[in-house]
Structure formats: C-alpha cells, structure tokens
Amino acid sequence: MKNTFLLFFLCFSVLINAQTGRKMKILNADVTYTDEQNPDLTISIGNVYVEIDGATIRCKRVEIYNKDNYLKAQGDVVMNQGDTIIQTSKFADYDGNKKLAKAWGEVELKDPTMVLTTETLHFDREKQYLYYNTKGTIKDSVNVLKSRVGNFYLKNKKFQALSKVVITNPDQVIETDHLDYYTNSGKAYLYKPSTITGDKSVIYTEKGYQDTKNKISHLTKNSWIKYDDRRIQGDSIYYDENRNFSSATGNIIVTDTINNGTLKGGYGEFYRAKDSAFLTNRAVAISLVENDSLFIHGDTLLLTGKPEERIIRAYNHVKFFKSDLSGKCDSLYTSQVAGITKMFRKPILWSQENQITGDVIHFLHNKETEQLDSLKVLGNSFMVQKDSIGYNQTKGKNILGKFEDNDLKIVDVIGNGEVIHYVRNTEQELIGIMKMRCSNLNLTIDNKQIQTIEFRVKPDGKTYPEEELHVNDRQLKGLVWRIKEKPKNKNDIFIHDPGDDIIMQEERVKERLQRIEDAKEAERKRIQELEAKKLQEQQDSISKTNEDIEKLKIDVKESKEKLKSAKDITGKKDE
C-alpha cells in the first residue's frame with residue numbers, strides 16, 4: 001500500500017510540475033515524499049535523478065521547493081549539462097527561475113578540454129558563466145592554473161583568473177594577479193605585473209599575451225626578458241622560445257652583464273642560439289672601458305659571438321665618443337675581447353688635439369689595463385694638429401702610433417713621409433716653419449704637442465722663416481680640417497653631417513668598380529693560366545708523339561735487322 005502511494009505521489013508531482021510549467025522533474029528516487037510541515041517541499045532520498053532545464057542532477061538526497069522552483073542537493077552530487085560538462089560536489093543548490101547554481105564541498109567540473117576544482121563554485125546557466133572566490137585549480141592538456149578568484153565563460157572557453165594566479169607547465173611558470181586564459185587554445189592575456197619563468201629565461205611584463213602551447217609571447221608594457229648574460233627590455237617585445245628569437249620596439253635597452261655593455265635603439269632582433277643581436281633606429285652600443293664609457297652609433301648595429309668572443313659591427317653614419325677619443329666612419333668592427341677596433345670608408349679619428357685620417361684605421365686596447373695601446377693608419381695616412389697660425393701636418397703611406405696612459409706618444413710614418421711643423425721655443429714663440437720630405441720618420445708627442453721629429457731615410461727640406469714660406473705652401477695635399485664633424489659628447493654621435501651620404505655613395509661606387517676590375521683581372525689571369533696550361537698540354541702531347549715516333553723507328557730498325565739476320569741464316573742452310 002505504501003509503495004502504491006509513493007508511486008501515485010511521484011506521478012502526481014510530475015503532473016503538477018508539467019501543469020505549472022516547472023522544469024524540475026524527479027526521474028528516479030528510492031523514496032520521495034512531501035514534507036508534512038511544508039506541503040510545497042518535496043524530498044527525495046536514495047539514487048535520486050532529477051532533470052532541470054535540460055540538465056540532470058544525481059545525488060543521494062534532494063529537496064525541491066516547487067513553488068519557488070528551487071532545489072537543494074547533497075551527497076555525491078553530479079550535475080550533467082549535455083554530453084560535455086560534468087560537475088561533482090558534496091552539495092549543490094539550484095534556482096530554476098534565475099538559473100543559478102551553487103556547488104560546494106570538493107567541487108570538480110569537467111569538460112573535454114579541462115578540469116576545474118575548487119571549494120565553492122557558482123554557475124549562471126543562462127549566461128554559461130562560472131565563478132569562484134575560494135581558490136581554484138584548472139588543468140588542461142598542457143597547463144595547471146591556480147588562483148584565488150576565477151571566472152569561467154563556457155561559450156568561448158575563457159577563464160579569467162584574479163589574485164595570486166600561477167600557471168605551471170613542464171617548461172615554465174607564469175605568476176600574475178590578472179590574466180585571461182583560453183583553455184581550448186592555451187593562450188593567456190596578462191593585465192597586471194607578471195613574471196614568466198622558464199628553464200633558461202625569465203620574462204616580466206605588466207601587459208602582454210602568451211601562447212603557452214607554442215611558447216610565444218608578445219609583451220606591451222614595462223617588459224623585459226632575461227636569459228644567460230643578457231637582459232632585453234623595450235616598449236613592445238615579441239619572444240618565440242622555440243626559435244630562440246625575440247624582437248623589440250621602442251626604447252630598447254639590452255644589458256650584457258659579462259662584458260659590461262649596453263645596447264640601445266628603436267628596433268632590435270635577437271637570436272639566442274647564435275648569441276647575436278641586430279639594432280636600428282638611433283642604435284648605440286655602450287661599453288665600459290677603464291671606468292669610462294665608449295658610445296658607438298651606427299644606422300645598424302650587429303652583435304655576434306659568445307661573451308668571450310663578442311664582436312660589434314656598425315654600419316652607415318658611424319660615430320663614436322669617449323672622453324679621450326672620438327671618431328667617425330661608414331662602417332666599424334670591434335672585438336671587445338681582442339680589444340681591437342677597425343674603421344672603414346673615410347675613417348677619421350680624433351685623439352687629444354690630433355685629427356687622423358687614412359683609408360683604414362685600427363686602434364687597440366690593452367686587454368688587462370683597458371687603456372689605448374696602439375694605432376695603425378693604413379693607406380693615405382694624414383695626421384693634423386692645429387697651431388695658432390696654421391696646422392702641423394704629418395703625411396705618409398702608413399702611420400703607426402703608440403699610446404701611453406691613453407695619450408698618443410709615439411708616431412712612426414712608413415713610406416712617402418711629409419711634414420709641415422710650426423717650430424716654437426719653450427715660450428711658445430714661433431721660430432720657423434719646417435717643411436720636409438722623408439721616406440720614414442718618427443715623432444714624439446708630449447703634453448699634446450710634437451716634441452721631436454726624426455728623419456730616418458733621405459730627408460729633403462728645411463725650416464723656413466715665417467715670412468719666406470708662402471701661405472699656399474703651408475698645406476700638404478689632401479689637408480682638410482674637419483673639427484666640425486667631431487662628436488663633443490655622447491649625443492653628437494647621432495648627428496648626420498651634410499654631404500656624408502654623397503661621399504659614402506661615391507666610395508661604394510669606387511669599391512664596386514674596383515671589385516669589378518679585380519674580378520676582370522682575376523678572370524684574365526684565369527684565362528691566361530688556362531691557355532698556358534692548354535699550350536703546355538699541347539707541347540707535352542707533341543713531345544710524347546715525337547718520343548713515340550722515335551721509339552717506333554727504333555722498333556722498325558730492330559725488326560729489319562732481325563729479318564735480315566733470319567734471311568742470312570736461311571741462305572746458309574740452303575747452301
């Protein structure tokens with residue numbers, strides 16, 4: 001009788017729900033009854049199975065408030081939404097009118113892409129939106145995400161994590177206070193100060209994006225990357241960890257902790273595996289040399305090599321500045337480890353009061369003391385020093401110089417030496433003007449002034465009284481005083497001097513023409529060598545043919561002699 005009553009009540013309950021438009025349906029329960037004190041309350045116990053708004057709930061016990069369309073479930077609660085979302089908890093409430101669910105007690109929510117666990121989870125089924133504020137963990141195929149507060153939007157698989165957020169995967173850890181994470185793509189968007197720590201790198205940003213599956217980051221606010229001996233920061237940074245490649249735009253600063261060097265520019269590319277860097281847009285390399293900074297600028301800067309073999313190359317509109325040395329050229333090569341710098345295309349060097357030019361200029365630093373050590377000026381060498389009434393000039397094929405305490409002390413001119421020097425006494429009174437030619441000569445310098453000149457091979461010339469040497473004879477061919485181009489501070493290295501582009505273009509044209517001529521000459525030599533080789537082969541062939549003919553003649557002669565001997569023997573036998 002009791003079972004018949006329960007069956008009748010269950011059918012009546014379903015009928016009433018259907019008639020009143022309620023969407024909560026008890027599909028199964030071991031026991032279902034109406035609360036005596038509250039006839040609106042239906043209670044089901046044991047293997048409860050309820051359908052609500054297209055979803056189902058399984059649990060051990062459920063209370064349904066029919067009038068309010070409200071449900072309370074407890075005991076191994078399992079909520080299914082379609083075939084994709086399954087939620088388990090100890091307890092759950094559901095408001096059928098507002099379509100709001102609350103689950104608590106070891107909550108776990110699963111869909112095909114992730115698993116969410118927390119202590120209390122709120123679910124807005126109308127908006128397909130979940131949130132928690134009791135700490136939560138999301139696991140997908142790649143990452144584990146933890147946060148104190150979380151919002152999950154089921155339609156676009158977007159998870160918004162807030163407060164003490166940590167994403168962990170086998171390769172890196174992301175820490176932040178606000179990110180949006182898409183579980184289907186593994187993409188994370190960062191909105192607060194964030195740190196991404198990998199096996200060999202650390203990334204910091206206050207706004208950015210990261211593809212956690214493909215290990216690609218795009219950082220857009222107060223960002224930097226640190227790996228090995230290098231730290232890269234800029235307004236915008238792109239980083240591909242798989243390719244070991246990064247690029248940066250705007251206010252770039254690259255710090256080399258091993259070589260005490262810094263790079264700055266507006267755009268840069270960095271190749272970690274090759275340990276190389278490429279910078280443009282007001283690019284400058286800053287190196288610490290003997291507690292003094294050397295600033296090198298070029299339209300393009302290129303750094304290559306490991307820290308112990310680091311090389312800097314600068315191209316186009318190159319200028320550099322140091323308190324005791326500055327220079328200018330079209331391209332430059334410097335090895336920080338070897339301590340050598342090479343200047344190409346119209347190079348000019350200013351050391352103390354000296355202006356030095358040539359086809360190519362090399363200067364070296366002592367690797368131990370970091371002081372200037374020596375100087376080489378190769379081809380069309382010219383050194384000028386301004387006097388109060390003229391210019392002290394030294395010219396030759398090549399110039400070799402030696403520094404002491406960063407001051408140029410000794411200068412040797414090798415080949416085609418020429419000198420114009422204003423000779424003065426100790427009171428700096430003019431004695432005369434020396435004009436000499438000599439194949440090789442030596443100068444010593446002290447207190448920035450030429451002290452002695454030694455003429456070593458066939459000197460020709462003399463010291464003239466000032467009035468006897470015409471002003472037009474006081475300049476050696478090729479003299480150009482270029483003090484206006486000299487960088488006077490670190491900011492001057494960015495100045496492009498008028499006419500430089502035309503001059504350098506002419507130089508490049510000359511170089512190309514020279515390369516063409518060199519290639520033609522090499523081709524002529526190759527053809528001559530081939531023709532000589534062919535002629536020699538022909539002569540060798542003729543010689544061999546002649547040798548074969550001579551050998552054949554000898555063989556014929558020997559054959560005739562053998563034939564004659566045979567006839568003689570045959571004739572004797574006949575007799």
Side-chain angles (χ1 to χ4, degrees), residues 324-329 343 346-359 361 363 375 377-403 406-488 492 497-500 503:
D324 54 6
L325 187 73
S326 58
K328 170 183 171 179
C329 58
M343 304 168 64
K346 296 293 184 180
I348 180 168
L349 188 69
W350 290 275
S351 174
Q352 301 143 278
E353 303 297 328
N354 301 298
Q355 172 186 293
I356 302 168
T357 58
D359 292 340
I361 296 178
F363 60 92
L375 170 73
V377 187
L378 307 176
N380 296 309
S381 303
F382 210 128
M383 185 173 76
V384 184
Q385 188 180 80
K386 197 174 189 318
D387 185 81
S388 59
I389 61 171
Y391 298 95
N392 293 318
Q393 305 157 58
T394 303
K395 181 181 177 182
K397 183 177 181 181
N398 299 321
I399 287 178
L400 306 180
K402 189 69 176 176
F403 292 89
N406 287 328
D407 290 338
L408 187 61
K409 293 291 187 179
I410 301 173
V411 173
D412 284 303
V413 179
I414 312 297
N416 305 325
E418 295 183 65
V419 171
I420 291 179
H421 178 60
Y422 289 78
V423 183
R424 296 180 179 276
N425 59 24
T426 56
E427 283 75 30
Q428 294 301 303
E429 296 172 337
L430 183 64
I431 297 174
I433 303 173
M434 177 190 297
K435 186 171 184 178
M436 297 284 290
R437 292 177 179 270
C438 183
S439 180
N440 296 343
L441 55 93
N442 170 268
L443 291 81
T444 61
I445 302 173
D446 193 22
N447 294 324
K448 302 180 181 181
Q449 299 296 323
I450 297 173
Q451 300 298 316
T452 64
I453 302 176
E454 179 184 352
F455 302 94
R456 293 176 173 171
V457 181
K458 298 179 179 179
D460 179 23
K462 65 177 183 177
T463 300
Y464 297 85
E466 181 184 4
E467 62 276 7
E468 292 185 13
L469 189 63
H470 192 275
V471 66
N472 293 335
D473 295 325
R474 299 179 188 181
Q475 293 187 4
L476 297 177
K477 184 179 180 180
L479 170 65
V480 180
W481 184 240
R482 299 167 59 185
I483 195 63
K484 291 183 179 180
E485 302 172 39
K486 178 182 178 180
K488 299 176 180 62
D492 285 354
D497 298 311
D500 276 359
I503 293 171

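Note that this is a predicted model, so its numbers are computed, not measured. Here, residue 1 is the first one in the sequence, and each next residue gets the next number.
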Value rounded to 0.5 Å, distance of [atom1] in [X] from [atom2] in [Y]:
| X | Y | atom1 | atom2 | value |
| --- | --- | --- | --- | --- |
| Lys395 | Leu476 | NZ | CG | 6.0 Å |
| Asp359 | Asn380 | CG | CG | 4.5 Å |
| Ile361 | Leu349 | CD1 | CG | 5.5 Å |
| Ile433 | Glu467 | CD1 | CD | 9.0 Å |
| Arg456 | Asn440 | CZ | CG | 7.5 Å |
| Ser326 | Lys486 | OG | NZ | 5.0 Å |

Nearest heavy atoms of [X] and [Y], plus distance in Å:
| X | Y | value |
| --- | --- | --- |
| Pro487 | Gly327 | CG-O, 4.2 Å |
| Leu375 | Phe403 | CB-CE1, 3.8 Å |
| Glu466 | Arg474 | O-NH2, 2.8 Å |
| Met436 | Pro459 | CE-CB, 3.8 Å |
| Phe382 | Leu479 | CE1-N, 3.7 Å |
| Asp473 | Ile420 | O-CD1, 3.8 Å |

- request: State whether Lys328 and Asp497 are salt-bridged, where the test is any N-O pair (Lys NZ or Arg NE/NH1/NH2 against Asp/Glu carboxylate O) under 4.0 Å.
  value: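 Salt bridge flag = yes for Asp497 with Lys328.
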
query: Among Asp387, Leu443, Thr394, Ile450, whose side-chain contact (heavy atoms from CB on, under 4.5 Å) with His421 holds?
result: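 The option that passes is Ile450.
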
So [Y] and [X], do their side chains get closer than 4.5 Å, heavy atoms only?
| X | Y | answer |
| --- | --- | --- |
| Glu353 | Gln385 | yes |
| Arg424 | Leu430 | yes |
| Lys409 | Asp407 | yes |
| Trp350 | Ile483 | yes |

message: Run the side chain to side chain donor-acceptor pair (under 3.5 Å) test against Asn442 and tell me which residues pass, sequence neighbours left out.
response: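 Asp412.
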
- prompt: Quick one: does Thr444's side chain have a donor or acceptor within less than 3.5 Å of a partner on Thr452's backbone?
  reply: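 Flag set: sc Thr444 to bb Thr452 pair under 3.5 Å.
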
- prompt: Would a distance-only check, ignoring hydrogens and angles, find a side-chain to backbone donor-acceptor pair under 3.5 Å from Asn392 to Tyr422?
  reply: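 Judged by distance alone, yes, a pair lies under 3.5 Å.
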
Any residue meeting ring pair (Phe, Tyr, Trp, His ring centres under 6.0 Å) with Tyr391, in chain and number order, not counting sequence neighbours: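 Ring pair (Phe, Tyr, Trp, His ring centres under 6.0 Å) check on Tyr391 returns Trp481.
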
field: Verdict with reasoning, Ile445 to Asn354, per side-chain contact (heavy atoms from CB on, under 4.5 Å)
entry: CA-CA 11 Å; Ile445 302 173; Asn354 301 298; 4.3 Å; yes

field: Worked verdict on Met383 versus Leu408 for side-chain contact (heavy atoms from CB on, under 4.5 Å)
entry: CA-CA 12 Å; Met383 185 173 76; Leu408 187 61; 4.1 Å; yes

field: Qualifying salt bridge (Lys or Arg N to Asp or Glu O under 4.0 Å) pairs, either residue in residues 426-444, two or more places apart
entry: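 Qualifying pairs: Glu418-Arg437.
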
